[in-house]
Asks: 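Can you keep this structure in mind? I'll have questions shortly.
Whatever order the structure lists them in is the order used to number ligands and atoms, beginning at 1.
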Amino acid sequence: MSTQNAFEFKALPYSYDALESFIDKLTVEIHYCKHHKAYYDNFINAIKGTEMESMDIKDIFRNMSKYPIAVKNNGGGYFNHTLYWENMKSPGNDAPSGKLSEAIIKTFGSFEEFKKQFSEAGKTRFGSGWAWLCVDNKANLFVCSTPNQDNPLMDIAEKQGIPLLTIDVWEHTYYLKYHNKRVDYVNGFWDVVNWDEVAKRYENGLKSISN
Ligand code: MN
């Protein structure tokens, strides 16, 4: 057996047309097969022959400022897109339940207010980037956005935390269907959120910070 690295380009958890109510088939196909795959390939290239090949990607992000910008851009692009695909499904769950629901209401006042703040983070991110719901190392939820392919696990992030939910707001994500209307794209996102997956990330996140 070869000592293959642990970085896997995971299959999409649904077909290209599964999210049609939100995003068209062609966009999903190009986004996954071209954009996401290119980040993955470039990331693997960028870490070739370095200590990063045998590291956990989260440890790379934790030490991001030590490493070349190609690792940040492509490692972020690789990792962020996997989270994005997996936190969507169709039909989505209308709302979270259980502990995550309680934490959202406690933090933001209501589920509607959370949606407003998260949407706003996506709509107002200048240029290209991502909006996030995260849990910080004191178990508090927060909403933020990051530029380019940065994410909140990176030591260079303005606010650091464990990602629970994310939306890609690069133009390549919405331009074919929504043209310049990022607002409509962000509003449509709520129909396909996989809250079961987000709840799982929250549970795992809480476990990892209590250890
Ligand atoms: Mn993208």
Side-chain angles (χ1 to χ4, degrees), residues 7-47 57-58 60-61 64 67-90 92 118-134 143-154 156-158 161-194 197-198 201:
F7 308 109
E8 183 194 353
F9 186 66
K10 286 167 101 177
L12 260 195
Y14 33 72
S15 59
Y16 298 133
D17 62 358
L19 306 174
E20 277 282 352
S21 64
F22 169 54
I23 284 290
D24 57 287
K25 179 183 178 188
L26 182 60
T27 296
V28 171
E29 186 170 355
I30 296 172
H31 196 182
Y32 173 73
C33 298
K34 306 290 182 190
H35 293 276
H36 190 186
K37 182 64 162 52
Y39 288 121
Y40 173 74
D41 291 342
N42 292 333
F43 169 65
I44 297 300
N45 261 331
I47 62 170
I57 197 156
K58 289 176 185 167
I60 298 176
F61 292 153
M64 201 70 261
Y67 295 120
I69 189 138
V71 177
K72 178 174 78 121
N73 289 340
N74 294 296
Y78 157 51
F79 181 84
N80 298 351
H81 283 92
T82 304
L83 290 182
Y84 171 69
W85 300 126
E86 291 182 352
N87 67 211
M88 294 186 289
K89 66 172 186 174
S90 184
F118 182 95
S119 298
E120 206 55 25
K123 291 169 189 172
T124 58
R125 163 48 57 190
F126 184 74
S128 298
W130 298 74
W132 305 89
L133 170 68
C134 298
V143 161
C144 68
S145 74
T146 54
N148 305 314
Q149 297 295 353
D150 295 6
N151 69 48
L153 291 169
M154 296 179 178
I156 47 110
E158 237 169 79
I162 298 164
L164 306 179
L165 174 68
T166 192
I167 183 171
D168 184 345
V169 295
W170 283 58
E171 272 187 354
H172 64 230
T173 290
Y174 60 86
Y175 208 82
L176 289 183
K177 182 175 165 102
Y178 296 93
H179 306 144
N180 57 323
K181 299 188 188 89
R182 187 195 286 184
V183 167
D184 293 348
Y185 160 75
V186 172
N187 290 341
F189 177 64
W190 300 111
D191 292 340
V192 296
V193 174
N194 182 351
E197 172 65 23
V198 180
R201 292 176 191 169

Asks: State whether His36 contributes an N/O/S atom found under 2.8 Å from the Mn ion (ligand 1).
Replies: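 So His36 does not count as coordinating the Mn ion (ligand 1).
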
Asks: Report the residue from Phe43, Tyr39, Tyr40 that forms a ring-ring contact (aromatic ring centres under 6.0 Å, His included) with Phe7.
Replies: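 When Phe43, Tyr39, Tyr40 are each tested with Phe7, the ring-ring contact (aromatic ring centres under 6.0 Å, His included) holds only for Phe43.
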
Asks: Quick one: are the ring centres of Tyr16 and His31 less than 6.0 Å apart?
Replies: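 No, the ring of Tyr16 stays outside the 6.0 Å limit from the ring of His31, centre to centre.
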
Asks: For ring pair (Phe, Tyr, Trp, His ring centres under 6.0 Å), just list the numbers for Trp130 and His81, CA-CA rounded to whole Å, side-chain angles, deciding distance to a tenth of an Å, and then say yes or no.
Replies: CA-CA 10 Å; Trp130 298 74; His81 283 92; 5.0 Å; yes

Asks: Report the angle formed at the Mn ion (ligand 1) by atom NE2 of His31 and atom OD2 of Asp168, rounding to the nearest 10°.
Replies: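 Rounded to 10°, it measures 90°.
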
Asks: Report whether any nitrogen, oxygen or sulfur of His81 sits less than 2.8 Å from the Mn ion (ligand 1) (N, O or S, backbone or side chain).
Replies: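 So His81 counts as coordinating the Mn ion (ligand 1), yes.
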
Asks: Going by the rule side chain to side chain contact (heavy atoms under 4.5 Å, CB included), which residues pair with Lys34 if we only count those two or more places apart in sequence or in a different chain?
Replies: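 Residues passing side chain to side chain contact (heavy atoms under 4.5 Å, CB included) with Lys34: Ile30.
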
